[in-house]
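Data block below; observations after.
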Number of protein chains: 2
Amino acid sequence: MPRSLRQSKILELITTREIEKQEELVTLLRESNFDITQATISRDIKELGLIKILTEDKKYKYACIDATEQAFSNKYINIFKEAVINLKIINNIVLIKTINGLASAVNSFLDKLGVENSLGSTFGNDTVTIYFENDVKANIACHSLNKIIYG
Amino acid sequence: MPRSLRQSKILELITTREIEKQEELVTLLRESNFDITQATISRDIKELGLIKILTEDKKYKYACIDATEQAFSNKYINIFKEAVINLKIINNIVLIKTINGLASAVNSFLDKLGVENSLGSTFGNDTVTIYFENDVKANIACHSLNKIIYG
DNA sequence: GAAGATTTTGCATAAATATGCAAAGAAATT
DNA sequence: AATTTCTTTGCATATTTATGCAAAATCTTC
């Protein structure tokens with residue numbers, strides 16, 4: 001499994017759960033068939049620039065330092081690129097096919113990115129759906145996403 | 001030496017230097033006659049909610065987190081900056097001197113901003129007073145306000 | 001597709017941080 | 001001011017994280 005997919009999964013995990021320590025990530029990633037050790041997680045975390053912050057109940061958890069800013073960094077975009085298989089426009093919706101299990105990560109990336117004119121989105125396991133008012137707006141959005149992914 | 005003074009010193013140190021580890025704080029604090037161990041620093045850091053972030057050169061350093069900073073648009077912040085002349089901590093209160101007549105504006109800005117741990121505030125013509133439970137909380141708030149205003 | 005260069009990883013362990021517990025210190029209460 | 005209660009601290013150590021180094025995997029170039 002490629003590195004960037006693993007890192008993508010890490011981003012997903014820390015945004016959807018309260019991860020207190022790296023060993024937890026090791027366990028969770030193993031459940032998703034990333035066979036990996038704590039040492040690698042440590043390196044990933046440094047590379048992604050993740051931080052530990054305090055939760056309500058005074059426990060530490062991993063978090064992204066500044067969601068919006070980092071969403072645009074090349075590193076994140078590369079991960080996004082790898083997770084996406086293809087984009088399709090179906091009338092007023094854009095349908096994004098992703099690598100299995102990464103739809104939620106792609107969805108949250110898109111949230112941070114703020115797709116323009118989006119009415120909202122849903123996601124399953126390997127598919128993200130973004131809704132627009134009409135075909136034209138879906139088209140425009142699809143083009144700009146394509147541009148991000150393919151140049 | 002009181003705890004709050006020490007924690008205030010910690011805030012000062014991490015904002016003026018790049019502190020990579022707690023042992024560095026121990027050394028620096030000892031130079032300022034705070035006779036203290038790493039264990040205590042660890043607890044202070046947790047209490048102050050400090051985090052470790054990556055610097056340019058991929059080293060970790062301690063920093064203040066401030067969710068507040070992102071919360072407000074630059075426009076409002078600029079107005080706020082211009083209105084404020086200076087901040088002072090007096091025990092458990094933060095005293096804000098403003099341009100004449102703007103205390104109420106600054107006060108309502110702060111209300112929206114939601115100064116953390118604030119017990120409440122009052123204002124006159126050119127002064128806003130924010131009340132806190134104790135010196136530490138006043139200190140933390142003052143630092144984060146300073147950060148908004150001066151960097 | 002072999003040979004060499006580069007990147008990524010695991011292992012073992014070093015380095016850094018957090019914490020249980022007992023004791024010292026403050027504060028409150030009588 | 002003695003007694004009780006609550007807070008803060010150090011010590012020792014457990015827990016967590018980072019990293020040097022060699023091996024494995026991946027990528028280049030011929």
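So that the names make sense, note that chain A is the first sequence line, chain B the second, and so on, each numbered from 1.
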With no hydrogens and no angle check, is any side-chain donor or acceptor of A:Asp44 less than 3.5 Å from a backbone partner on A:Gln7? no
Measure NZ/B:Lys52 against P/C:dA18 and give the value in whole Å, please. 8 Å
Using a distance-only test with no angle check, is there a side-chain donor-acceptor pair under 3.5 angstrom linking B:Gln38 and B:Gln22? yes
Whole angstrom value for the distance that separates P of D:dT9 from CG of B:Asp35: 11 Å
So, is A:Tyr62 close to the D:dT17 phosphate, meaning a side-chain N or O under 4.0 Å from OP1 or OP2? yes
Rounded distance in Å - CD (B:Glu23) to P (C:dT17): 8 Å
With respect to the side chain of A:Ser42, which nucleotide from D:dT17, C:dG10, C:dT17 is positioned closest? D:dT17
Whole-Å distance separating the CZ atom of B:Arg6 from the C1' atom of D:dT8: 8 Å
In whole angstrom, give the distance that lies between atom CD of A:Gln38 and atom P of C:dA14. 15 Å
Comparing nearest nucleotides in DNA chain D, the 5'-proximal residue of the pair B:Thr40, A:Glu20 is B:Thr40
Can you tell me which nucleotide in D:dC11, C:dG10, D:dA18 comes closest to the side chain of B:Tyr60? D:dA18
Would you kindly give the CZ-to-C1' distance between B:Arg30 and D:dT9, to the nearest whole Å? 13 Å
In whole angstroms, how far is the P atom of C:dT17 from the CD1 atom of B:Ile10? 13 Å
